[in-house]
Undergrad: 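Just dropping this structure here.
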Amino acid sequence: MTIRLFGRWRRREFIKAFFTGLAAPFFAKTVASSQNYSSLEKSVLALAKRSEGKPSKRIANNLTALENQKLGTADWELTNPAIKREIEGYASLTSVNRGDEIKLFVNTNEPNYTIDIFRMGWYNGLGGRRMNDPIIRKGIRQSSPKEDEASGLIECHWQDPYILQICDRTNDWTSGVYLAKLTASKTGKQSYIIFVVRDDDRKSDLLFQSSVTTFQAYNNWGYKSLYRWNSRGKQAYKVSFNRPYAMSPNRSAAYGVGAGEFLTNFQPKRRTSSGGWEYNMVRWLEKEGYDVTYATNIDTHFNTRLLLSHKAFLSVGHDEYWSRDMRQNIETARDKGVSMGFFGSNICYWQIRLEPSRITGEVNRTVVAYKEMADLDPMGGLTQPVGTVNLPVEIAAVGDLNYGIGKLEPAKIATYNKSRTFDSLVTTRWRDSTIGRPEDALIGVMYETFQVNSDIAIDQNAPDWLLEKTDLKQGDKLPGLLGYEVDRMFGNAPKNIVRLAHSPYPYGGGTRYADMTLYTADSGAKVFATGSMQWIWGLDDYNAPQLRSPVVNPGAQQITRNVLAKLLLKE
């Protein structure tokens, strides 16, 4: 049945390609002949205008723009989510380079299941492209993992994976975020496995980072996460990538099950919409025709040269959990001229460590974060002074869960003096005096408050370039783009920092402000921060109106174009 349905799908797509894909022969020398292509879409046309309608050399080398001319489909969407774990799975890696292989582990009680793999992008609004004929496999009921009592670690040791070989031909398996859609044979229940395909040999303008360590921190599959509110018993100090991603606590967001926080998020709906952030940015970037490749922050952690092959690095959405090596590699890239775009908030809040799998020995499969219980961290006493520290100052900070929800708590941080205070691996907040490296020293702003849902207000002194080609002026507001966690300036950023937005929001009977900023590093690299996760919702309406109200804003879209142009400009 599945094969026959797919056959009809292929015939429909072929007919569509025959009538609308007449442009395909013109690309025959640059793309695989086995692929069908639709007519040129708006994204490439927009780029071609710069060369009087003819694709420039830059466009011809933009594999992401060419990728989005291939036939898209909405078949990637889950129509029957596995809300009771009827089928689930995980990948052996968070990302895989082209030419390598990745293992997909699946658990189901049903006799058979299928795997359909999709690359996620714009594709004329359909949002994904089918990569394969359905793979039919025999179902297997996998063993349940045992919890490590000391750390709360839940790690699966599943068997009989499907081994997916990623082709290394130029125009197959373009770098991107991929979803393997699992469908059970009897009930038709569905879920995802998510992974990223890298292209380590390709230089691109933009490197998009998927923040999978944060996905895993909130993931409570097996009833354990790094948070008490969604863990059974105490929270875990260690969480493993060798397990599926659980379903959002909001049943209405079940259609994202298995994809971490890529499509939806793990936050309870009493705090915020359960809409995600990363996919919205992927759709918009690829619709606009940007030259972008993809990686995860596990790659940022261990690949010291990864960022140096790109003009700008993008951290998108919820990028809360950073290792020391992640931060070091990002700071090094900035200091060598790679610009940074932080399109989110609450970024680099907790320091983590990455450990190998205790079962397989594979590296970087376990996230370690003691957080509020940092006194229990065995690395807590291992600090190496590498500079001097100014006296701690008291700041007003809203902590995270056990630091106190909805109330102020004095938090000790070390004021930053541009040299690392301690080379500490303790898994606490970066701003705490134990580490002494507040987040805004890199990003320009850092986290203050959550459960915000308000407007972005353009600063009264915002530069003209920011508002170029918009109908906006200083002081105007962009509705609904402030939240759900927000950042502000704390004074540790370089002195040349420029405040682009200064947005008021009600808090505790008074008013607080969130900030959007940009500064220039000594290397000439530009570092931009939105100070808000919801900025991305101004670019693309995925998840609206299912989970949230639409807030797409042409002004926000043009400001983002202006910012990316600034990041990519070498002055």
Side-chain angles (χ1 to χ4, degrees), residues 27-35 37 43-44 47 55-70 91-103 117-121 129 131-132 163-179 194-212 278 282 285-286 289-316 325-326 328-330 332-334 336-341 362-364 525 564 567-568 570:
F27 291 93
K29 293 182 179 180
T30 59
V31 296
S33 59
S34 62
Q35 298 291 343
Y37 295 87
S43 59
V44 166
L47 288 168
S56 65
K57 181 178 179 181
R58 173 178 175 271
I59 297 168
N61 292 332
N62 184 343
L63 299 183
T64 308
L66 293 175
E67 166 69 29
N68 273 269
Q69 307 322 304
K70 301 177 184 179
S92 61
L93 300 165
T94 62
S95 74
V96 56
N97 194 29
R98 292 191 325 121
D100 293 338
E101 65 181 33
I102 188 170
K103 299 176 183 178
I117 300 172
F118 301 88
R119 183 187 182 276
M120 307 306 292
R129 179 171 77 90
M131 299 301 298
N132 67 312
I163 301 175
L164 175 65
Q165 182 69 43
I166 306 299
C167 179
D168 63 355
R169 290 194 298 269
T170 302
N171 290 287
D172 289 337
W173 295 92
T174 303
S175 178
V177 180
Y178 286 73
L179 295 179
I194 186 171
F195 60 93
V196 166
V197 172
R198 308 189 315 275
D199 191 345
D200 291 348
D201 294 330
R202 182 163 100 81
K203 295 181 179 180
S204 65
D205 287 348
L206 302 174
L207 178 68
F208 181 111
Q209 175 190 268
S210 182
S211 302
V212 295
E278 289 192 9
V282 168
L285 287 171
E286 300 207 356
Y290 283 99
D291 180 22
V292 56
T293 52
Y294 296 82
T296 73
N297 54 2
I298 298 298
D299 305 304
T300 309
H301 166 82
F302 76 85
N303 188 340
T304 58
R305 301 189 59 81
L306 174 68
L307 277 66
L308 303 180
S309 298
H310 309 277
K311 295 179 182 177
F313 162 80
L314 303 182
S315 163
V316 176
D325 288 352
M326 289 174 195
Q328 186 60 50
N329 289 337
I330 288 172
T332 297
R334 176 201 59 183
K336 290 186 176 182
V338 178
S339 291
M340 307 273 154
E362 295 168 323
V363 298
N364 301 326
L564 291 176
L567 299 185
L568 294 172
K570 289 297 182 182

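Computed from heavy atoms alone, side chains included, the values below leave out hydrogens, waters and symmetry copies.
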Undergrad: Could you tell me the separation between the CD1 atom of Ile330 and the CG atom of Leu306, rounded to the nearest 0.5 Å?
TA: 9.5 Å

Undergrad: What closest approach, in Å, do Ala65 and Gly289 show between heavy atoms, and which atom pair accounts for it?
TA: CB-O, 4.4 Å

Undergrad: Determine the interplanar angle of the Tyr178 and Phe195 rings, folded into 0 to 90°, and report it as parallel if under 30°, tilted if 30 to 60°, perpendicular if over 60°.
TA: parallel

Undergrad: Spell out, as yes or no, whether a donor-acceptor pair under 3.5 Å connects the side chain of Asp299 to the backbone of Thr296.
TA: yes

Undergrad: Can you pull out every salt bridge (charged side-chain N to carboxylate O under 4.0 Å, His left out) where at least one residue sits in residues 91-101? Sequence neighbours excluded, please.
TA: Arg98-Asp199

Undergrad: Please round to the nearest 0.5 Å and tell me the distance separating atom CD of Gln69 and atom CZ of Arg129.
TA: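 So the CD of Gln69 and the CZ of Arg129 are separated by 11.5 Å.
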
Undergrad: To the nearest 0.5 angstrom, please state how far the CD1 atom of Ile298 sits from the OG1 atom of Thr94.
TA: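 If I round to the nearest 0.5 Å, the distance is 5.0 Å.
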
Undergrad: Could you walk me through whether Arg202 and Thr64 satisfy the side chain to side chain contact (heavy atoms under 4.5 Å, CB included) test, starting with their C-alpha distance in whole Å, then the side-chain angles of each, then the deciding distance to 0.1 Å, before giving a yes or no?
TA: CA-CA 11 Å; Arg202 182 163 100 81; Thr64 308; 3.3 Å; yes

Undergrad: Is there any ring pair (Phe, Tyr, Trp, His ring centres under 6.0 Å) pair reaching into residues 295-316, and which pairs are they, with sequence neighbours excluded?
TA: none

Undergrad: Rounded to the nearest 0.5 Å, how far does OG of Ser92 lie from CG of Leu164?
TA: 9.5 Å

Undergrad: Sub-3.5 Å donor-acceptor pair from the side chain of Ser210 to the main-chain atoms of Val212, do we have one?
TA: no

Undergrad: Can any side-chain N or O of Thr293 pair as donor or acceptor with the backbone N or O of Ser175 at less than 3.5 Å?
TA: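 Side chain of Thr293 to backbone of Ser175, a donor-acceptor pair under 3.5 Å: no, none is there.
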
Undergrad: State, to 0.1 Å, how close Trp173 and Met131 come at their nearest heavy-atom pair, and which atoms those are.
TA: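 Heavy atoms of Trp173 and Met131 come nearest at CD2-CE, 3.7 Å.
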
Undergrad: Once you round to the nearest 0.5 Å, how far does CG of Asp325 lie from CG of Asn297?
TA: 12.5 Å

Undergrad: Which heavy atom of Gly99 sits nearest to which heavy atom of Gln165, and what is that distance?
TA: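 So the minimum-distance heavy-atom pair works out to O-NE2, 2.9 Å.
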
Undergrad: Does a salt bridge link Glu286 with Arg119, judged by any charged N lying under 4.0 Å from a carboxylate O?
TA: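 Salt bridge present between Glu286 and Arg119.
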
Undergrad: For Leu567 versus Ser339, what's the shortest heavy-atom pair and its separation?
TA: O-OG, 3.0 Å

Undergrad: Contact between Ile166 and Asn97 at the side-chain level, heavy atoms closer than 4.5 Å - yes or no?
TA: no

Undergrad: Distance only, no hydrogens: is a donor on one side chain within 3.5 Å (strictly under) of an acceptor on the other, for Thr332 and Asn329?
TA: no

Undergrad: Minimum heavy-atom separation for Cys167 to Asp172, with atom names?
TA: SG-OD2, 3.8 Å

Undergrad: Check each of Asn62, Leu564, Asp205 against Tyr290 using the side-chain contact (heavy atoms from CB on, under 4.5 Å) test, and report the only one that passes.
TA: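 Of Asn62, Leu564, Asp205, side-chain contact (heavy atoms from CB on, under 4.5 Å) with Tyr290 is met by Leu564 alone.
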
Undergrad: Between atom NZ of Lys336 and atom CZ of Arg305, what is the distance when rounded to the nearest 0.5 Å?
TA: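 Atom-to-atom, Lys336:NZ and Arg305:CZ are 7.0 Å apart.
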
Undergrad: Kindly give the heavy-atom pair with the smallest separation between Leu285 and Phe208, and that separation in Å.
TA: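 That closest heavy-atom pairing would be CD1-CD1, 3.8 Å.
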
Undergrad: Taking the side chain as every heavy atom from C-beta outward, state whether Leu206 and Asp291 have any pair of such atoms under 4.5 Å apart.
TA: no

